[in-house]
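Everything below concerns the one structure shown next.
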Amino acid sequence: MMTQYCTFELGSLLLGVEARHVQEVLRAQPITLVPLAPDFVRGLMNLRGQIALVIDLRKRLDAEEEPSAARPINVLLHTKGGLVSIQTDRIGDVLTAESESIDSVPDTLQGRAREVLVGALRLPDRLLLLLDPERVAVA
Amino acid sequence: MDEITEEFLLESREAVDQLDRDLVALEAAPSEKEILSRIFRALHTIKGTCGFLGFNKLERVSHAGEGLLSRLRDGVLHVDEDIASALLATVDAVREMLDSIQTREKDGDLEYDELVTKLKRLAEGEVAGAEPVPVAFAVAAPRAKKRTKKQALVAQPSTQVATNQEAGTTAVEAIVAPPPEPMASGTTAAKGPAPTETVRIDVHLLDRLMDLAGELVLTRNQVREVQLGADNAALSTASQRLNLVTTGLQEGIMLMRMQPVEYLFGKFPRMVRDTAKQCGKQARVELSGNDAELDRTLLEAIKDPLTHLIRNAVDHGIETPEVRIRNGKPPEGVVSVRAVHQSGHVSIEISDDGAGIPLDRVREKAVARGLISQERANLMSEAETANLIFMPGLSTANAVTNVSGRGVGMDVVKTNVERLGGTVEVETKLGTGSSFRLKLPLTLAIIPALIVESGGERYAIPQVHLQELVLLDRAKQKLESVYDAPVFRLRDRLLPVVFLGECLKSTTRSECLLRAKSHLAVLQVNGLLFGLAVDRVIDQQEIVVKPLTPLLQDIPLFSACTILGDGRVVLILDAAGIAQQSHLTTLQSGAYTMDAARAPQKGVSDSVSSYLLISELSGPRLALPLEDVTRLETVSLSRVEQSGESEVLQYQGEIIPLHRLAVLLPSARMASSDAGIPPLDYINVVIVANGPSSVGIVVTDVVDVVDLSSIARHPVNSSGILGSMVVNDRVTDVLSIDWLLTRAGCAAPDLVRSA
């Protein structure tokens with residue numbers, strides 16, 4: 001079965017989610033901080049009357065810290081728990097791929113990244129890591 | 001499930017709820033023909049439709065019930081307890097089968113043989129039973145069903161169908177007939193079918209509309225900003241119209257979500273009857289204020305707490321008939337349930353004329369269970385002791401019964417009510433009865449809140465927990481410490497203080513303490529009073545409550561979030577969570593708990609009231625009853641505008657008229673009010689409610705708030721004085737707000753909702 005993936009970059013990583021979960025892509029918005037929330041929660045954002053939870057994807061994935069892009073890009077996802085926005089550095093193409101060509105995450109991958117990644121897609125030159133939107137905003 | 005069946009379920013459920021109410025009413029007044037025929041029609045409609053839909057068991061039971069009813073209606077039999085119980089059992093059976101149809105699309109596996117036999121036996125009580133109803137009517141009803149479906153689900157199928165039995169007309173008449181009763185207005189049905197137009201709406205659609213209206217408000221605010229900068233007359237007109245339409249729309253949607261409490265109260269007569277039977281007691285329920293309205297989600301949420309309180313009243317409160325007679329009371333106990341709509345709240349009071357709560361026993365038990373210390377127990381006032389019953393694990397019932405007495409429940413009642421932003425209070429007198437008072441907001445969706453700032457972020461505090469605001473400055477009103485714990489002297493007691501910044505881990509305490517000025521919001525929750533120190537108080541606003549995303553729901557400090565007018569997302573603080581996080585509990589800091597006797601509106605001692613002391617430049621000291629005062633504001637003179645000949649103020653999105661107290665009062669009392677005093681650049685305004693709107697009364701100075709148990713009352717005369725009292729050795733006159741409003745030419749307040 002062919003599935004569409006929305007891709008984006010975070011430092012050197014190429015990440016993607018199934019396009020059907022993506023509502024829109026936005027430039028940085030004002031964010032309200034939430035004290036005492038898990039460290040990967042950036043805060044809450046008002047999206048035309050709906051409230052979205054903003055996730056710092058770098059912290060969520062335990063990815064290497066690097067000076068983040070001047071203005072992060074918000075990718076808004078529909079999840080069962082409401083709107084979730086993940087902050088990324090750059091937005092990529094929409095790719096169409098056979099879902100059969102997805103490999104599972106290697107067992108050796110440990111830690112936080114394992115909680116949110118569902119698989120990897122072999123592209124000719126690099127790997128596309130797939131996120132599960134439902135697990136991004138779960139502690 | 002097909003549409004016809006779904007509709008049948010929906011309507012039958014309503015009919016069944018109404019049947020419960022009517023049957024209990026009928027038992028009390030067996031000769032009421034009106035009620036009897038309503039019961040008959042309702043059951044007949046169910047029977048007719050389910051026969052058509054092929055639910056044979058349901059048809060059989062309702063048919064048997066109808067048989068008994070027709071005997072009653074013909075006057076052959078009379079309602080007695082047996083018959084009433086059998087009919088109620090029929091209603092229960094019907095309800096069970098409806099549930100079964102809902103879940104499994106068939107009317108269950110039970111045969112209800114016993115019930116059917118009993119009904120038949122009762123029906124044959126005096127005369128050998130004949131077929132009560134010709135079969136033809138079972139066909140007439142379904143025909144009526146079809147038209148309702150066509151008419152886009154407008155109201156219920158007419159119960160008129162049943163009356164065709166007499167008239168012999170066809171279902172066509174039923175099409176023309178107006179729907180006999182709108183949802184949840186059972187009492188009007190007795191007066192015959194009212195031409196009401198109702199439409200059923202999906203709740204989720206309502207919620208969505210509510211969200212959209214909120215969004216529209218934000219858009220309107222943005223448009224307004226553009227318009228202010230643009231200086232364009234056409235844009236300005238359009239913006240004003242947008243403003244009006246938006247406000248109207250939002251109010252309309254709010255009203256759409258309101259339902260009369262009758263919806264809930266209707267279940268109580270049956271419940272009290274059954275509970276009383278179970279406990280071997282005699283009790284009836286008295287309902288009043290059925291038409292007070294609450295948001296539907298709220299109505300649903302208070303169902304369990306109310307049910308619990310009422311069952312408790314019957315099981316624990318009301319004595320057995322023998323004991324009651326011995327104590328000189330009528331054998332039948334009364335549980336009265338009263339709903340009153342008052343200034344933005346609905347208060348529901350459940351009182352019984354039973355034995356009251358034995359406070360000594362409560363105290364003993366609490367000590368025995370280690371909930372409080374003996375020393376503490378000795379010091380507790382009656383009101384404090386009564387409040388112990390809300391603690392987990394405390395029940396004064398001698399025996400655990402089927403109904404209550406397991407010591408769970410009252411704490412759940414309190415937690416549930418407080419989660420809804422309400423409060424619950426108890427008042428009890430041994431031998432005379434107990435009364436529980438629930439104070440609830442009208443809606444969960446929109447609440448008044450205080451917006452504060454801490455560590456650069458804004459937060460909302462629900463007004464329901466807010467008792468007062470104190471401005472702290474380092475000179476006069478300062479914080480002190482007991483070892484490490486900050487406290488504040490609030491009049492004559494010590495208040496524990498929590499720093500919001502510290503609680504949120506956004507600022508340290510020393511940073512909080514360094515601020516030259518900060519505000520202390522005095523909060524009351526779970527009967528506990530504490531001060532919350534914030535950096536700044538921004539505003540008071542009506543906010544639209546939005547749930548928190550699941551990931552953040554575990555943080556005890558926040559209950560929800562909202563979007564302010566400027567589009568910014570703000571977290572709503574949970575006062576109970578803050579108290580918990582800061583290790584303030586009723587137990588540890590018992591000394592700080594609200595002593596009910598001095599709190600306003602606590603009811604235990606009605607004679608204690610609070611007064612706002614004000615002073616004018618000359619003349620005697622004056623006071624206003626605090627219960628009439630909504631807020632105190634200090635307003636810069638530049639905000640006072642002119643409208644026509646009077647001064648007005650823009651206040652929370654409304655234009656409110658301002659009246660100077662010195663002008664309102666007879667000039668003889670107020671000698672030259674502005675002689676020789678340099679004008680200040682601000683005024684003190686006392687905001688009072690005038691029906692749904694507000695009026696501002698400008699006073700020279702606000703001195704204090706005092707609690708007094710009695711004032712020497714005067715007859716209200718032309719001087720507008722309710723009475724006098726002595727405060728700090730000075731005679732102080734208490735002014736009548738009504739009198740002031742009349743004098744100011746404001747329409748008399750009409751507090752009754754007409755929606």
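Naming: A, B, ... by sequence-line order, numbering from 1 per chain. Here the structure is a predicted model, which means the values were calculated and not measured.
The line from OG1 of B/T549 to NZ of A/K80 is 13.5 Å long, rounded to the nearest 0.5 Å.
The contact between B/I555 and chain A is made entirely by side chain atoms (from C-beta outward), counting heavy-atom distances below 4.5 Å. Looking at A/V41, only its side chain comes within 4.5 Å of chain B, counting heavy atoms on both sides. Residue contact with chain B, scored on non-hydrogen atoms closer than 4.5 Å, involves the backbone and the side chain of A/V34 alike.
Of all heavy-atom pairs spanning B/L552 and A/A37, the tightest one is CD2-CB, 3.8 Å. Of all heavy-atom pairs spanning B/P550 and A/G81, the tightest one is CD-O, 3.4 Å. Looking at every heavy atom in both residues, A/T32 comes nearest to B/E457 through CG2-OE1, 3.4 Å.
The one candidate from A/I51, A/L47, A/V54, A/L33 that meets the side-chain contact (heavy atoms from CB on, under 4.5 Å) condition with B/V569 is A/I51.
With contacts defined as side-chain heavy-atom distances shorter than 4.5 Å, the pair B/Q581/A/L36 qualifies. With contacts defined as side-chain heavy-atom distances shorter than 4.5 Å, the pair B/L557/A/P35 does not qualify.
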